[in-house]
Amino acid sequence: MALLRLRRLGTVSMLALVLSACSSQPAPSVSGSSDGASASVSSPVVGKRWNLLLIGTSDRISMPSTPYFTVDSSGKLSGSDGCNQLTGQVSFGENQRIDIDNLGATRMACAKGQDAQQVHDLLDNAYRYLIDHDRLVFFGPNSLVLGGFRLAN
């Protein structure tokens with residue numbers, strides 16, 4: 001059973017690497033003055049609402065409200081882990097690199113606090129991303145899938 005899971009994880013990881021190598025997404029960019037006073041970020045992730053679809057490759061969670069996030073043109077992240085409000089700062093690099101800094105959350109008492117923490121950890125550990133149609137997948141520094149989001153309608 002464990003061997004089957006390990007094979008499946010290896011297959012998913014290889015597929016993710018192949019897809020990320022073949023991605024046709026435009027390179028993100030940062031523009032603004034040299035002192036950073038009016039910097040803005042550009043990426044296919046920016047300006048859209050992304051609703052949580054999966055944690056890892058298959059775990060669906062059920063929360064009081066749908067976990068989601070948005071990133072504005074200044075790189076500010078806002079959203080919800082399904083219970084608490086999230087804030088942070090996002091920067092993008094070459095090859096679909098993403099860095100979410102200063103990720104913070106309100107401290108509401110949640111019946112599903114462990115699930116909310118999984119959402120927080122997914123965002124906090126995101127290292128690369130891949131967009132395929134209306135899906136956004138985050139990968140950790142070890143290239144393993146952390147989870148996925150779907151573009152909100």
Side-chain angles (χ1 to χ4, degrees), residues 1-20 23 25 28 30 36 39-153:
M1 183 67 78
L3 184 58
L4 181 61
R5 280 188 147 161
L6 187 57
R7 283 184 186 163
R8 189 176 297 156
L9 180 60
T11 301
V12 168
S13 295
M14 289 302 294
L15 178 62
L17 287 173
V18 169
L19 287 174
S20 65
S23 176
Q25 295 295 325
V30 177
S40 65
V41 296
S42 175
S43 163
V45 176
V46 174
K48 300 170 182 158
R49 178 179 165 136
W50 298 96
N51 291 337
L52 182 70
L53 186 59
L54 296 170
I55 298 288
T57 58
S58 62
D59 295 339
R60 295 184 183 271
I61 59 174
S62 176
M63 299 293 291
S65 65
T66 302
Y68 74 94
F69 76 93
T70 63
V71 179
D72 70 15
S73 63
S74 70
K76 181 182 176 192
L77 178 139
S78 58
S80 169
D81 62 14
C83 179
N84 292 294
Q85 296 301 307
L86 299 171
T87 60
Q89 191 65 34
V90 180
S91 58
F92 299 96
E94 292 184 18
N95 299 317
Q96 288 83 28
R97 175 76 169 84
I98 186 168
D99 188 21
I100 301 174
D101 288 322
N102 303 318
L103 185 63
T106 56
R107 299 287 181 182
M108 302 287 292
C110 302
K112 302 226 176 197
Q114 188 174 12
D115 289 343
Q117 185 62 48
Q118 284 184 287
V119 175
H120 189 278
D121 292 345
L122 184 164
L123 293 170
D124 203 30
N125 294 313
Y127 184 75
R128 293 203 188 284
Y129 68 92
L130 172 68
I131 296 178
D132 184 22
H133 300 287
D134 67 340
R135 307 290 170 97
L136 168 64
V137 179
F138 283 137
F139 301 90
N142 56 4
S143 299
L144 294 179
V145 174
L146 299 175
F149 291 81
R150 178 182 290 162
L151 186 62
N153 292 339

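Counting only N and O atoms by type, the side chains of Tyr129 and Ser43 include a donor and acceptor under 3.5 Å apart.
Within the 4.5 Å cutoff, the side chain of Asp132 has no heavy atoms near those of the Val137 side chain. Side-chain contact between Asp124 and Ile100 is absent, with no heavy atoms from C-beta onward closer than 4.5 Å.
In this view, Asp121 and Gln117 satisfy the side chain to side chain donor-acceptor pair (under 3.5 Å) rule, not counting sequence neighbours. Take Ser91 and apply the side chain to side chain donor-acceptor pair (under 3.5 Å) test, not counting sequence neighbours, and it matches no residue. The side chain to side chain donor-acceptor pair (under 3.5 Å) check on Thr87 picks up nothing, with sequence neighbours excluded. Asp134 is linked by a side chain to side chain contact (heavy atoms under 4.5 Å, CB included) to Arg150, Leu151, counting only residues two or more places apart in sequence or in another chain. Under the side chain to side chain donor-acceptor pair (under 3.5 Å) criterion, Asp72 pairs with Ser74, not counting sequence neighbours. In this structure Gln89 satisfies the side chain to side chain contact (heavy atoms under 4.5 Å, CB included) test together with Lys76, sequence neighbours excluded.
Rounded to the nearest 0.5 angstrom, Thr70 OG1 and Asn51 CG are separated by 10.5 Å. The CG atom of Leu86 lies 6.0 Å from the OG atom of Ser80; values are rounded to the nearest 0.5 Å. Rounded to the nearest 0.5 angstrom, Gln118 CD and Leu146 CG are separated by 11.5 Å. Atom CG of Asn125 is separated from atom CG of Leu144 by 11.5 Å, given to the nearest 0.5 angstrom.
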Checklist entry - Val90 and Asp99: side chain to side chain contact (heavy atoms under 4.5 Å, CB included), yes or no, with the steps? => result CA-CA 6 Å; Val90 180; Asp99 188 21; over 6 Å; no
Item to check | Audit row: Leu54, Leu52, side chain to side chain contact (heavy atoms under 4.5 Å, CB included) steps and yes/no | outcome: CA-CA 6 Å; Leu54 296 170; Leu52 182 70; over 6 Å; no
Item to check | Verdict with supporting geometry, Ile98 and Tyr127, side chain to side chain contact (heavy atoms under 4.5 Å, CB included) | outcome: CA-CA 5 Å; Ile98 186 168; Tyr127 184 75; 5.8 Å; no
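Closest of all the heavy-atom pairs between Pro67 and Ile61 is CG-CD1, 4.4 Å. Nearest heavy atoms, Pro44 versus Ile131: CB-CD1, 3.5 Å. For the residue pair Leu123 and Leu103, the shortest heavy atom distance occurs at CB-CD2, 3.8 Å. Residues Val145 and Gly56 approach most closely at CG1-O, 3.5 Å, considering heavy atoms.
One N or O on the side chain of Trp50 and one on the backbone of Val45 form a donor-acceptor pair closer than 3.5 Å.
Listed by first and then second residue, the disulfide (SG to SG under 2.5 Å) pairs that reach into residues 117-153 come to none, sequence neighbours excluded.
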Identify each donor-acceptor pair in which a side-chain atom of residues 104-116 lies under 3.5 Å from a protein atom, sequence neighbours left out, and give them as a table.
from   : atom 1 : to    : atom 2 : distance (Å)
Thr106 : OG1    : Asn84 : OD1    : 3.1
Thr106 : OG1    : Gln85 : N      : 3.0
Lys112 : NZ     : Ser62 : O      : 3.3

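Proximity of the aromatic rings of Phe138 and Phe149 is defined here by a centroid distance below 6.0 angstrom, and this criterion is met.
Relative to the ring axis of Phe139, Arg128 does not place its NZ or CZ within 45° and under 6.0 Å from the centre.
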